[in-house]
Amino acid sequence: MSRSPDCLFCKIVAGEIPAEMVYSDDLVVAFRDIAPVAPTHVLIVPRHHIDDAAAIELTDSPNLVALLTAAQHVAVIENVADSGYRLVFNVGDAAGNTVPHLHLHLVGGRELEWPPG
Ligand code: 5GP
Ligand code: ZN
């Protein structure tokens, strides 16, 4: 697994910074967002450092599939699989991307407006 120096989510993956873990496997970890926007707000991140969704290459396929299958598990764990939930990758400033380590937001537990604000 590659990591990036001073990357916040690499430090959470390594257990150097605490987070409330929801799920983990060989490729990904999932933990609660520190500033949740809904009753369920979980961040699913690859253990391997990837900058963002715009940096993904075909060789990252296993990590991408692992993020999505982890999301299925998290939805069940969080009891939103039946009610529904949203999966989001923010990319760049206009989308409000703040942490430069790829992360999939899983948001649910309330009605979610569409289009988003
Ligand atoms: P972005 O805006 O980059 O798509 O999402 C980054 C998310 O990381 C934000 O929702 C923010 O609340 C969350 N976050 C930032 N720092 C921390 C932290 O130290 N711990 C946790 N659990 N979440 C964080
Ligand atoms: Zn990182």
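Computed from a predicted model, the values in this text were never measured in an experiment. As the structure lists them, so they are numbered: ligands from 1, and atoms in each ligand from 1.
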For the Zn ion (ligand 2), find the closest N/O/S atom belonging to His101 and write down its atom name.
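It is ND1 of His101.
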Does the side chain of [X] reach to within under 4.5 Å of the side chain of [Y], using non-hydrogen atoms?
X     : Y     : value
Asp52 : Asn97 : yes
Ile77 : Tyr23 : yes
Asn63 : Val28 : no

For [X], counting its heavy atoms only, list the atoms of ligand 1 lying under 4.0 Å from any of them.
X     : result
Ala35 : 12 (O)
Val99 : 3 (O), 6 (C)
Phe31 : 22 (N)

Any idea which protein heavy atom is nearest [atom], and the distance to it?
atom                    : value
atom 22 (N) of ligand 1 : Arg32 O, 2.9 Å
atom 2 (O) of ligand 1  : Gly96 O, 2.8 Å
atom 20 (N) of ligand 1 : Ile34 CB, 3.8 Å
atom 5 (O) of ligand 1  : His103 NE2, 3.0 Å
atom 19 (O) of ligand 1 : Leu8 CD2, 3.8 Å

Tell me whether Lys11 is salt-bridged to Glu16, with the criterion being a basic N under 4.0 Å from an acidic carboxylate O.
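So Lys11 does not pair with Glu16 through a salt bridge.
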Looking only at non-hydrogen atoms, which of Val42, Asp33, Val45 approaches atom 7 (C) of ligand 1 most closely?
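Going through Val42, Asp33, Val45 one by one, Asp33 has the nearest heavy atom to atom 7 (C) of ligand 1.
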Test of ring centre spacing under 6.0 Å for His101 and His103
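No: the rings miss the under 6.0 Å criterion.
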Hey, is Phe9 one of the residues with a heavy atom under 4.0 angstrom from ligand 1?
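For ligand 1, residue contact (heavy atoms, under 4.0 Å) with Phe9 is present.
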His105: heavy atom below 4.0 Å from ligand 1, yes or no?
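Yes.
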Can you spot which of Ile50, Ile44, Asp60, Leu27 makes a side-chain contact (heavy atoms from CB on, under 4.5 Å) with Leu67?
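Among Ile50, Ile44, Asp60, Leu27, the one that satisfies the side-chain contact (heavy atoms from CB on, under 4.5 Å) with Leu67 is Ile44.
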Where the side chain of Arg86 meets the backbone of Glu113, is there a donor-acceptor pair that is under 3.5 Å apart?
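Yes: the side chain of Arg86 pairs with the backbone of Glu113.
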Look only at the side chain of Arg3 and the backbone of Phe9, and say whether a donor-acceptor pair between them is shorter than 3.5 Å.
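No, the answer is negative, given that no donor and acceptor are paired below the 3.5 Å cut-off.
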Please say yes or no: joined through hydrophobic side-chain contacts below 4.5 Å, possibly via intermediate residues, are Val42 and Val13 part of one cluster?
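Result: no, two separate clusters.
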Do Leu43 and Val80 belong together in a cluster built from hydrophobic side chains that touch within less than 4.5 Å?
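Shared cluster, no.
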Angle subtended at the Zn ion (ligand 2) by ND1 of His49 and SG of Cys10, nearest 10°
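Rounding to the nearest 10 degrees gives 110°.
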Counting only nitrogen or oxygen atoms and a 3.5 angstrom limit, does Asn97 reach ligand 1?
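Yes; at least one N/O pair falls below 3.5 Å.
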With only distance considered, is Leu43 within less than 3.5 Å of ligand 1 through an N or O on each side?
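For ligand 1, there is no N or O atom that lies under 3.5 Å from one belonging to Leu43.
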